[in-house]
Number of protein chains: 2
Amino acid sequence: MTQTKNNNHEITASEWEVMRIVWTLSGATSHQLIASLSEKMAWQESTIKTLIRRLEEKGFLKREGTSRPFKYLATLSEQEGINLQVDRLFGNLCAMHIGPTLIRLVKQHQLSQADLASLSTVIAEKASTAPVKVACDCLTDCQMEDDGGCQHDQAK
Amino acid sequence: MTQTKNNNHEITASEWEVMRIVWTLSGATSHQLIASLSEKMAWQESTIKTLIRRLEEKGFLKREGTSRPFKYLATLSEQEGINLQVDRLFGNLCAMHIGPTLIRLVKQHQLSQADLASLSTVIAEKASTAPVKVACDCLTDCQMEDDGGCQHDQAK
DNA sequence: GAGTAAAGTTTACATTTGTAAATTAATTTT
DNA sequence: AAAATTAATTTACAAATGTAAACTTTACTC
């Protein structure tokens, strides 16, 4: 049966392509998705239909309307979808490496004046309570026996 | 046959757990990996051995030594591994959403004084050339026909 | 309303991933 | 060296994912 909530499911790479179009167009018909993705991804229309179905089953898309060319709508906003993916990734990174990673991302991507201003503010706010060093949290719960424990601290 | 380069392969979620330990300990034996992960992840040792093998095949781990308790070493640094995952993700995000996403990440994670200082510098450097608005790049290459095109710009 | 076109549903099938048992080979111990 | 232990290799198998053909139903057109 078709899922309603997006219970623990993940949005896969292929499915993500579908979601992007849906978000960008604020909902889309299969026809629009096929037009866009068969070109961009070189997928057959069948493939795109399958992805739509799976996204419905996972609860990330729901259909709108009663007569046939249905419109498919996202059940979460694009930013929520992004947060989902980003949190899954950052939740599995060593705490020590997050700073350098964010610095690299900020360097690498184009940001607006407003984005930079917000970042500045947030950074200023954090400054007062920021630690001198962020500790590595990799082996906290997995008590290594005899061996030396976390080597991150020695690493240059 | 066993791969040497990490040709286009991806590091999966389970495999990532193995890599984290290897990075943290600067290389590890299967025994160490089993000790740590069978506890943390509740995996059987067979499972961990399979993951080690797959990581070798994908070229992310290589074995060191000639006699039996081999040591497995990462073929890329932890930061390189992180960059790989992060770039894969950020390469599939709408350019317009990257700013808010980074702001959220900076808010959410603990950063050191040094991290914040570097971020400040980078932000200051970017300020002079930053655009007022980052354009949505979602539908550039997928020419939608009649329909309205990117709705991101209307989105609040 | 019959025929055609479009949209949606079912079925399919190979690859990858998660998870692990069984087997073999090398080391260590007695 | 035989026995026991540990490490590594093979084989296994279900679920998820990437990709798509075939089939069915609904809407549109003449």
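Residue numbers start from 1 in every chain, and the chains themselves are labelled A, B, ... in the order their sequence lines are given, proteins ahead of strands. Just so it is clear, the values below take in all heavy atoms, side chains as well, and ignore hydrogens, waters and symmetry mates.
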Establish, with yes or no, whether the OP1 or OP2 oxygen of [N] is under 4.0 angstrom from a side-chain nitrogen or oxygen of [X].
{"X": "Ser46(A)", "N": "dA20(D)", "value": "no"}
{"X": "Ser14(A)", "N": "dG18(D)", "value": "yes"}
{"X": "Tyr72(A)", "N": "dA7(C)", "value": "no"}
{"X": "Thr47(A)", "N": "dT19(D)", "value": "no"}
{"X": "Arg53(A)", "N": "dT17(D)", "value": "no"}
{"X": "Thr12(A)", "N": "dA16(D)", "value": "no"}
{"X": "Lys49(B)", "N": "dT24(C)", "value": "no"}

For a quick check of understanding: with a heavy-atom distance under 4.0 Å over all strands, which category does Thr50(B) fall into, base, sugar-phosphate or nothing? base
Considering the options Leu93(B), Val134(B), Ile103(B), which one meets the side chain to side chain contact (heavy atoms under 4.5 Å, CB included) requirement together with Ile98(B)? Leu93(B)
With the side chain defined as heavy atoms from C-beta on, Arg68(B) is closest, among dA20(C), dA26(C), dA21(D), to dA26(C)
Among the nucleotides dA20(C), dG18(D), dA7(C), which one has an atom lying closest to any side-chain atom of Ala13(A)? dG18(D)
Mapping Thr66(A) and Arg54(A) onto DNA chain D by nearest heavy atom, which one lands closer to the 5' end? Arg54(A)
Tell me, please, whether Tyr72(B) has Arg63(B) positioned over its six-membered ring: NZ or CZ under 6.0 Å from the ring centre and within 45 degrees of its axis? no
Stepwise side-chain contact (heavy atoms from CB on, under 4.5 Å) test for His9(B) and Glu57(B): CA-CA 10 Å; His9(B) 289 295; Glu57(B) 286 170 0; over 6 Å; no
Once you round it to whole Å, what is the distance between C1' of dT26(D) and CZ of Phe70(A)? 9 Å
Parallel, tilted or perpendicular: ring planes of Trp16(A) versus Trp23(A), cut at 30 and 60 degrees: perpendicular
